[in-house]
Number of protein chains: 2
Amino acid sequence: MAEKRRRKPGETREKLMGAALSLVGSGRHFDSLGIREVTRQAGVVPTSFYRHFRSMDDLGLQLVDELGLVLRRMMREARAHVSQADKLIAESVDIFISHGRANQSFFLFMAQGLAGESRAVQDGIRSEIRFFATELANDLRRLKLLDHLSDGDLDMACDLVVRTVAFSLTDLLRVSANDDYQMDQIRKRTIRFLQLIFVGANHWQSGTG
Amino acid sequence: MAEKRRRKPGETREKLMGAALSLVGSGRHFDSLGIREVTRQAGVVPTSFYRHFRSMDDLGLQLVDELGLVLRRMMREARAHVSQADKLIAESVDIFISHGRANQSFFLFMAQGLAGESRAVQDGIRSEIRFFATELANDLRRLKLLDHLSDGDLDMACDLVVRTVAFSLTDLLRVSANDDYQMDQIRKRTIRFLQLIFVGANHWQSGTG
DNA sequence: CACATAAGTGAACAACTGTACACTAGAGTG
DNA sequence: CACTCTAGTGTACAGTTGTTCACTTATGTG
């Protein structure tokens, strides 16, 4: 046996990251995973792990990088689908939801990592979220929305929007994929949250506070 | 040796819960703690654990109950300190921050549990947060604030407020206690978030959306 | 005072863990 | 072709884990 060696470069690496992700997706917490467990799930011998990662933290950091790609894809699609300004919120939320479901494990990993053991992973995820927020601010500027806000206030508002969506995603990931009622509840509530924030932003004047 | 037995009822139980909490406080994730580790930290023999808890999940659930008490204390203090409506937000945020620091480990546990392995702990924490939100709604009704909102809309707004504060708490718990600059940044940003939400709520009309 | 019970103890065990080591197959390069 | 890397393999080991068991001791109740 054991006739397969060196098939594609990085194949085992991806298997390991996928294995960790799938364990997270099946309810486990990333910080409770062990090297042996991950390699077992990946169908690989434990020692192979060290060919690609120094430690579990290291693997986590590389997952954060991939998470960044997922988020960028999501942003791109949201940008491409913005038709009219009045439907912007609902359409964007729908895109978040569909990406959230399509990449369940990634977003579970994100939610876990925010309060996880590895400070580096925490920082990575937080910086991805911040990046997302500043990109959103750029887009709104480009669309001449919330034009009366100062740069700082717009940034603040976008930060709040992104946090709210992130929190809603964690709601979403808890309900089973076929529970349409709950899914729709979360969708509606998220839309209302964002509408409330945008109403606030529309009536915001820099002097406040 | 070993001359101390049965000192106070529940003494060891509290030591075990305190030990788990202190490990969380020192950077560990609750889901990565083991029974032996906790008993070691508590200065107790591993078998003692089973006298009080069936499993780690069980201990986690009992921590959620204590978390509820902490939250109720915080609410009570916030209620007692509401002087004028115009300072309500800033004063409440200050109380959240001081309680957040005083009960670091509890709030870390809360943040971890939201995305943790145990579904029961997740549910417990989420229901504590929901309870907090409905209590906030009751208070606002009593103070005749946001009086024009329907019950549903008020609930929604309070939910958003509580989520925002919860997220801010996780920011807070990351910075070291003596980093006054960062602490103040978080404080100011949280106040602005809440102000933005309240401006939105003030201008909200049920028909929106 | 006797005694059942709750709450502590230590020893034991099989299962699992992370990691080190020595080995080997294939790919790319000169 | 000879070579050096890279990425895979199996074996080994000491340390840790959860859990069971038989035990002791203090306490409150009858």
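Residue numbering restarts at 1 for every chain, and letters A, B, ... go by the order of the sequence lines. Just so it is clear, the values below take in all heavy atoms, side chains as well, and ignore hydrogens, waters and symmetry mates.
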*S48(B) side-chain N/O to dT9(C) phosphate OP1/OP2 under 4.0 Å*: yes

*Side-chain donor/acceptor contact of T47(B) with base of dG10(C) under 3.5 Å*: yes

*asked:* Please determine whether side chain to side chain contact (heavy atoms under 4.5 Å, CB included) holds for the pair F193(B) and I191(B), giving the CA-CA distance in whole Å, both sets of side-chain angles, and the decisive distance to 0.1 Å.
replied: CA-CA 5 Å; F193(B) 284 160; I191(B) 290 175; over 6 Å; no

_How many whole angstroms separate atom CD of E11(B) from atom P of dT9(C)?_
10 Å

*Examine dA20(C): is either OP1 or OP2 under 4.0 Å from a nitrogen or oxygen in the side chain of Y50(A)? Give yes or no.*
no

*If you take atom types as modelled and just measure distance, does the side chain of R36(B) reach the base of dT19(D) with a donor-acceptor pair under 3.5 Å?*
yes

_In whole Å, I'd like the distance from the CZ atom of R51(B) to the P atom of dT24(D)._
14 Å

_From Q182(B) atom CD to D171(B) atom CG, the distance as rounded to the nearest 0.5 Å_ = 9.5 Å

*Does dT6(D) have OP1 or OP2 sitting under 4.0 Å from an N or O in the side chain of H52(A)?*
no

*Does R40(B) make a side-chain N or O approach to OP1 or OP2 of dT17(D) shorter than 4.0 Å?*
yes

*asked:* Between R28(A) and D31(B), does any side-chain N to carboxylate O distance fall below 4.0 Å?
replied: no

_Length of the line joining R13(A):CZ and dA7(D):C1', which is rounded to integer Å_ = 14 Å

